[in-house]
Novice: 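Here it is: the structure, laid out below.
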Amino acid sequence: MFEYAQRIKTLPPYLFAQIDQKKREKLQQGVDLIDLGVGDPDIPTPKAIVETMQRAVEKPEHHRYPSYEGMLSFRQAVADWYKRRFGVELDPNKEVITLIGSKEGIAHFPLAFVNSGDVVLCPDPAYPVYKIGTLFAGGEPYILPLKEENNFLPDFKSVPKDVLKRAKIIWVNYPNNPTSATADESFYKELIEWARENNIIVASDLAYSEIYFGDKKPMSILQIEGAKEVAIEFHSLSKSYNMTGWRLGMAVGNKDLIAGLGKVKTNVDSGQFQAIQEAGTVALNLPEEELQKIREIYRERRTAMIKALEEVGLEVYKSDATFYLWIKVPKGYTSAEFVSLLLDKCGIVCTPGNGFGEYGEGYFRISLTVPTNRLLEAVERIRSLRL
Ligand SMILES: *Cc1c(COP(=O)(O)O)cnc(C)c1O
């Protein structure tokens, strides 16, 4: 009866909502599903965080509206964590803002800086929110393909001059979802130099900085000299601390970019529940061993899974971060066809690469967010397909 607005009507269905529907059908049929689809940690939130929350909930001062920008104590904990982890200095008053999960910030950020007709440079394949946030703000996404031959880094220097003139923001996300690729200092250096020359905002999504397996820890773009002039970085407690359900994240970096995002947020939300921010402060101060324990779980799963997948003849992209594996579909299948086959014949849910954009075609993604025995059971089911 009531017609959807154009901006909703033209949206593709949100990737995971679609997969959820298929999953429900299979579950109703009684299939023993192995769900490698959504990137949602199965490991519980560390105890110290949960216990802080239990106590914090009882405090009446937390029962009132929080401040829009987030509690100073949480923003200070973010600044301290950035200093310890990356050696980056942040002013908690001007260079940090609390988010209700980083998805919220990523979706709202373009509203602060994008006018109708402005271009936003969006990687593909990618987390869908960069493109959708752009569209909601009336901007035009311009696709930067992430290709295996470039280690899934965007070739931002290839953007044509006329597009560049209209470009306002570039999104980057390393360690990357869905490809698991990482970026090094030289990539970020060139990116910052190029962004400064062309007056483009660099929006970095660092959700997976703590899920790494090599000797070199993933870096923050703010470690690059001059980055603070053009960059904002989105981060989240979701993936580092198994807190996806808590909805707590932060944006840090250039103070004008933070202020712009803050203006939008002041008008659409009223901040995150303070008890959650108090628990988040404890999370950011957890001893490194807690994070190391979580990494070891993923490392074990990852090693076992890569070995098993290669044994059945699948080609896995090798990186040393994130809890995803980015895998080539066997010859003769599209991403959608192969993912459907896995669901129908094996009861395995994974995500088709093209769900992350057209350049994801030819791949599928699995999440290492189920126990190793279930991952290996999944491989046995794939083996029985005799690919
Ligand atoms: C999970 C994820 C996020 C969002 O996490 P929140 O739970 O909203 O903080 C952001 N970016 C990427 C690439 C992700 O995979």
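In each ligand, atom 1 is the first atom listed, and ligand 1 is the first ligand listed.
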Novice: For the pair Arg374 and Glu377, find out whether any cationic side-chain nitrogen is under 4.0 Å from an anionic carboxylate oxygen.
Specialist: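 Salt bridge: no.
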
Novice: For ligand 1, which atoms, with element, lie under 4.0 Å from some heavy atom of Ser238?
Specialist: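 So the answer, numbered in order with elements, is 6 (P), 7 (O), 9 (O).
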
Novice: Which atoms of ligand 1 sit under 4.0 Å from any heavy atom of Lys239?
Specialist: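 Within the 4.0 Å cut-off of Lys239, ligand 1 contributes 1 (C), 2 (C), 3 (C), 5 (O), 14 (C), 15 (O).
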
Novice: Tell me if the aromatic rings of Tyr208 and Tyr174 count as close, with their centers under 6.0 Å from one another.
Specialist: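 Ring centroids of Tyr208 and Tyr174 are no less than 6.0 Å from each other.
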
Novice: Which atoms of ligand 1 sit under 4.0 Å from any heavy atom of Tyr208?
Specialist: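 By the 4.0 Å cutoff, the relevant atoms are 1 (C), 13 (C), 14 (C), 15 (O).
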
Novice: May I ask you to check whether Tyr317 and Phe152 place their ring centres under 6.0 Å from each other?
Specialist: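 So the answer is yes for these two rings.
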
Novice: Answer yes or no: is there an ion pair linking Arg302 with Glu296, defined by an N-O contact shorter than 4.0 Å?
Specialist: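 Not counted as a salt bridge, because no side-chain N and carboxylate O are separated by less than 4.0 Å.
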
Novice: At a non-hydrogen distance cut-off of under 4.0 Å, which region of Glu104 contacts ligand 1 (side chain, backbone, both, or neither)?
Specialist: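 Neither part.
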
Novice: Starting from atom 4 (C) of ligand 1, find the nearest protein heavy-atom neighbour and note its residue, name and distance.
Specialist: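 Looking at atom 4 (C) of ligand 1, the protein heavy atom closest to it is Ser102 OG, 3.2 Å.
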
Novice: Atoms of ligand 1 less than 4.0 Å from Asn173 heavy atoms?
Specialist: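 Once the distances to Asn173 are compared, the set is 13 (C).
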
Novice: Quick one: look at Phe234 and ligand 1, take heavy-atom pairs under 4.0 Å, and tell me if it's side chain, backbone, both or neither.
Specialist: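 The answer is neither.
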
Novice: Going by the atom numbers of ligand 1, which of them fall below 4.0 Å from some non-hydrogen atom of Gly101?
Specialist: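 Checking each atom against Gly101, I get 8 (O), 9 (O).
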
Novice: Contact between Arg247 and ligand 1, counting heavy atoms under 4.0 Å?
Specialist: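 Arg247 counts as a contact of ligand 1 under the 4.0 Å cut-off.
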
Novice: Looking only at distances, please establish whether an N/O atom of ligand 1 is found under 3.5 Å from an N/O atom of Ser236.
Specialist: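 N/O-N/O distance below 3.5 Å exists for this pair.
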
Novice: Under 4.0 Å between a side-chain nitrogen and a carboxylate oxygen: does that hold for Glu3 and Lys9?
Specialist: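 Here Glu3 pairs with Lys9 in a salt bridge, since their nearest N and O are under 4.0 Å apart.
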
Novice: Starting from Phe2 and following side-chain heavy-atom contacts under 4.5 Å between hydrophobic residues (I, L, V, M, F, W, Y), which residues can be reached?
Specialist: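 The other cluster members (ILVMFWY side chains, heavy atoms under 4.5 Å, direct or chained) are Met1.
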
Novice: When you check the gap from the basic side-chain N to the acidic O, do Glu89 and Lys83 get nearer than 4.0 Å?
Specialist: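 Salt bridge: yes.
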
Novice: Any side chain to side chain donor-acceptor pair (under 3.5 Å) involving residues 248-257? Give me the pairs, sequence neighbours left out, ordered by first then second residue.
Specialist: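 Sorted result for residues 248-257: empty, none.
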
Novice: Should Asp205 be listed as contacting ligand 1, given a heavy-atom distance under 4.0 Å as the test?
Specialist: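 Yes, Asp205 has heavy atoms under 4.0 Å from ligand 1.
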
